[in-house]
Amino acid sequence: MVTMNIVKRVMLSLGVFGIFIIYSWVIRERQPEINPMTATAQNTYLSNANRGRVGTLKETTASKYKNGNYTGQAYNAFYGNIQVSTTVADGKITDVQFLQYPDTHETSVYINQQAMPFLRQEAVKAQSSNVNMISGATFTSQAFKQSLADTLLQAHA
């Protein structure tokens, strides 16, 4: 009788452990669903703080910005928020700093360490929020573009 109870407990424990392993695997493999902005939405997006000031996000490299430091809103990058600050000197973007970025998951930290320097470089090169997306860092790239666009709306001359 005692042996039968031990066998039942072991089987129950193995069953619970197996369910946990399967659940963990399914959650890890599941891709998050974030709706990317369409081209139309990108061109007509307005920051709540700047509603009515500037009609579009579409800047040109010929546009000039007001000198100063500008902070964008924080945007969800699924595993955390992205928020940037843009420095403008002589009417051009000279630097972009990350104020917030996902840093709670090991994978997020690794991805962001790889993506952030490229995103910064792209923003300075493009002189707009129209930067190339980083493969493997899609959510980070989308949130970066949105926060950068907020700063450029503020800096738009």
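The figures that follow rest on heavy atoms only: side chains count, while hydrogens, waters and symmetry mates do not.
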Indicate the atoms forming the closest heavy-atom contact of [X] with [Y], along with that distance.
X      : Y      : value
Ser129 : Leu148 : CA-CD2, 3.7 Å
Asn132 : Glu122 : ND2-OE1, 3.3 Å
Pro102 : Ile82  : CD-CD1, 3.5 Å
Ile134 : Ser141 : N-OG, 3.0 Å
Ser147 : Val84  : OG-N, 3.0 Å
Ser108 : Tyr79  : OG-CB, 3.4 Å

Open item on the list: Is there a side-chain contact between Thr71 and Gln83 in this structure, where contact means two heavy atoms from C-beta onward sitting under 4.5 Å apart?
Closed with: yes

Open item on the list: Do Asp150 and Gln146 make a side-chain contact, defined as non-hydrogen atoms from C-beta onward lying under 4.5 Å apart?
Closed with: no

Task: Sequence neighbours excluded, every pair satisfying side chain to side chain donor-acceptor pair (under 3.5 Å) that has a member inside residues 110-119 - done: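 Pairs touching residues 110-119 that pass the test: Asn112-Thr140.
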
Not counting sequence neighbours, which residues clear side-chain contact (heavy atoms from CB on, under 4.5 Å) with [X]? List them please.
X      : value
Ile111 : Thr107, Ala137
Asp103 : Tyr101, Val109
Gln121 : Phe118

Open item on the list: Do Met116 and Met133 land in one hydrophobic cluster if side-chain heavy atoms of ILVMFWY residues count as linked below 4.5 Å?
Closed with: no

Task: ILVMFWY cluster, Ile6 and Leu14 together (side-chain gap under 4.5 Å) - done: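 Per the 4.5 Å side-chain linkage, Ile6 and Leu14 are co-clustered.
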
List the atom pairs, with distances to 0.1 Å, where a side-chain N or O of residues 89-97 and a protein N or O form a donor-acceptor pair under 3.5 Å, not counting sequence neighbours.
{"from": "Thr94", "atom 1": "OG1", "to": "Thr87", "atom 2": "O", "distance (Å)": "3.2"}
{"from": "Asp95", "atom 1": "OD1", "to": "Gln97", "atom 2": "NE2", "distance (Å)": "3.2"}
{"from": "Asp95", "atom 1": "OD2", "to": "Gln97", "atom 2": "NE2", "distance (Å)": "2.7"}

TODO: Step by step, work out the side-chain contact (heavy atoms from CB on, under 4.5 Å) result for Lys145 and Val131.
DONE: CA-CA 7 Å; Lys145 288 174 75 166; Val131 298; 3.5 Å; yes

- [ ] Evaluate the ring planes of Phe98 and Phe144, with Trp represented by its six-membered ring, and classify them as parallel (under 30°), tilted (30 to 60°) or perpendicular (over 60°).
- [x] parallel

- [ ] Just jot down the ring pair (Phe, Tyr, Trp, His ring centres under 6.0 Å) partners of Tyr70, sequence neighbours excluded, or say none.
- [x] none

